[in-house]
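A short worksheet on the structure shown next.
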Number of protein chains: 2
Amino acid sequence: MVSSRKQMTSEKIIDAAIELFSRNGYEGVTTEEIAAEAGFSEKTLFRHFKSKQNLLEQAIDRYHYADEMRAIFDNKLSWNLEEDLSLISENYHRIMYRNRKMLQIIMKVGKNLPGLHQYAHRHPQALQEYLTDYFAEMKRQQKLFAADEEKIAIMFLYMNFGLAQGRMNESPAFSDNEFKEILKESVALFTRGLTP
Amino acid sequence: MVSSRKQMTSEKIIDAAIELFSRNGYEGVTTEEIAAEAGFSEKTLFRHFKSKQNLLEQAIDRYHYADEMRAIFDNKLSWNLEEDLSLISENYHRIMYRNRKMLQIIMKVGKNLPGLHQYAHRHPQALQEYLTDYFAEMKRQQKLFAADEEKIAIMFLYMNFGLAQGRMNESPAFSDNEFKEILKESVALFTRGLTP
DNA sequence: ATAAAATGTCAGTCAGTACAGACTTTCCTA
DNA sequence: TAGGAAAGTCTGTACTGACTGACATTTTAT
């Protein structure tokens, strides 16, 4: 285990960086603070990463947020509205919650990493398209109350996005149970509102 | 007009600060950049504001976001679900959009202004309570499909919060028209899903 | 036209911060 | 237990950024 120690150090530093960047933003954190949080000296940080910027980039690479998104629709759909919405919603929140710190970094980062926002929105956008297609097909199968499928998809996703945001930002965060129940209700409401 | 020139300068500087803080966060912007954006010298900035921090505070004071929120329910309610949801939604987005830059600052601010997040969530929380009460009363009037009124309120608000976020953050922002139509659909969906 | 107010210029202070080099110490492993 | 890899320490550099003071210039009201 010669190179694994090195790697573990890198990982600890990246973890610390993600934690602090997500709390205070890129400029709001010093390399010294990151090193301290990770339990190493600043020098070690720079032995592992060329620069602070490089550290941020590697921290971003660590997350597979965008890739994971794509997998949501790989789950078997049953073409039963309530079941499918439930499945999509659960998967969505699982991914969003796992990647919550990365998302907070994305929201806080400004001029550094100009491409980051675009990167972050690429796959949610794909998700929106999948969901739109899904609704269109459901409509074709006459399982959907006549409605604009794109707008419905946007509504569903943004409601979930809002909920995910709320879950990770608010002071009294939802408890896991409370949150699950809200999701259940939301799927029920959409189902009721969309069933012919 | 002796003091109004001074005041206009202050306002221009605050405007510039809000613009840049909302884009790049507090630490992501220098006083020199703010002054340049406002069209003044850095020295003038410091003649008008004690410090960068003070400038941020005054920029925050400029907004009445939290106060405005309270007014949403002052509009006459008709106790017709669709009309009322429409009214609430419109007012909510009007306020959110006017204060979008402030909201972006709030989301980006980290350790500076520790009380800011709390301040930002105080009135939306009140809003949630009002809406919960509204749904409870509607239920009493048998105009609401049996449902947990608190969860419904949360869903409605977070959907709108998500939409507001999307409107101000995404690269291809919604057009005003598109957005209005989405709101209309969302109110229709909630109405359909909540009407007995 | 003039005084007062507002702004600009310029030079400078001071603290913080990213990052580097030289050297020492600790840790793991063969 | 020796030797190399990884980490620490200490010192230093170069730069940035918030903020100040002294003085010059412009603007505005009378």
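Residue numbers begin at 1 in each chain, while the letters A, B, ... track the order of the sequences. As a basis for the values below, the full set of heavy atoms in this structure was taken, side chains included, without hydrogen atoms, waters or symmetry mates.
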Task: Those residues that, when tested against A/L157, pass side-chain contact (heavy atoms from CB on, under 4.5 Å) (two or more places apart) - done: A/L127, A/Q128, A/L131

Open item on the list: What is the distance, to the nearest angstrom, from the CD atom on A/E33 to the P atom on C/dT17?
Closed with: 7 Å

Open item on the list: Nearest whole Å is fine: how far is C/dG8 C1' from B/H48 NE2?
Closed with: 12 Å

- [ ] Quickly work out the B/M8 CE to C/dT7 P distance and round it to whole Å.
- [x] 10 Å

TODO: Using the test salt bridge (Lys or Arg N to Asp or Glu O under 4.0 Å), find all partners of B/E27 that sit at least two apart in sequence or belong to another chain.
DONE: none

Task: Partner residues of A/S10 under the side-chain contact (heavy atoms from CB on, under 4.5 Å) criterion, sequence neighbours left out - done: A/H48, A/F49

Open item on the list: One character per nucleotide, please: for nucleotides 13-19 of chain D, 5' to 3', B when the base has a protein heavy atom closer than 4.0 Å, S when only the sugar-phosphate does, - otherwise.
Closed with: ----SSB

Open item on the list: Could you tell me how far apart A/F40 (CZ) and D/dT9 (P) are, to the nearest whole angstrom?
Closed with: 12 Å

Task: Counterpart residues, side chain to side chain donor-acceptor pair (under 3.5 Å), relative to A/R70 (two or more places apart) - done: none

TODO: Please test A/Y134 against A/F73 for side chain to side chain contact (heavy atoms under 4.5 Å, CB included), starting from the C-alpha separation and ending with a verdict.
DONE: CA-CA 10 Å; A/Y134 171 79; A/F73 273 77; 4.1 Å; yes

Open item on the list: If I take atom NZ in residue B/K6 and atom C1' in nucleotide D/dT26, what distance separates them, rounded to the nearest angstrom?
Closed with: 17 Å

TODO: Using whole Å, report how far CG of B/L45 lies from P of C/dA6.
DONE: 16 Å

Open item on the list: Taking side chain to side chain donor-acceptor pair (under 3.5 Å) as the definition, give me every residue that meets it alongside A/E83, ordered by chain and number, with sequence neighbours left out.
Closed with: A/S78

Task: All pairs passing salt bridge (Lys or Arg N to Asp or Glu O under 4.0 Å) where residues 100-118 of chain A contributes a residue, at least two apart - done: A/E19-A/K101, A/K111-B/E33

Pick out the pairs of N or O atoms, protein on one side and nucleotides 21-23 of chain D on the other, that lie under 3.5 Å.
residue: D/dG21; atom: N7; partner: B/K43; partner atom: NZ; Å: 2.7

Task: Intermediate values then yes/no, side chain to side chain contact (heavy atoms under 4.5 Å, CB included), B/N54 and B/E57 - done: CA-CA 5 Å; B/N54 175 253; B/E57 282 161 6; 4.2 Å; yes

Open item on the list: Taking side chain to side chain donor-acceptor pair (under 3.5 Å) as the definition, give me every residue that meets it alongside B/D133, ordered by chain and number, with sequence neighbours left out.
Closed with: none

Task: Overall bend - the helix from C/dA1-D/dT30 to C/dA30-D/dT1, comparing terminal axes fitted on five pairs, nearest 10 degrees - done: 30°

Open item on the list: Checking A/E137 now: which residues fulfil side-chain contact (heavy atoms from CB on, under 4.5 Å) with it, not counting sequence neighbours?
Closed with: A/W79, A/R140, A/Q141

Open item on the list: Within the 4.0 Å heavy-atom criterion, would you say A/T44 contacts the bases, only the backbone, or no part of the nucleic acid?
Closed with: sugar-phosphate

Task: Nucleotide D/dT20, atom P - distance to CG of B/N54 in whole Å - done: 11 Å

Task: Nucleotide D/dA7, atom C1' - distance to CD of A/Q7 in whole Å - done: 17 Å

Task: Co-members of A/M107 in a cluster of I, L, V, M, F, W and Y side chains, linked at under 4.5 Å - done: B/M107

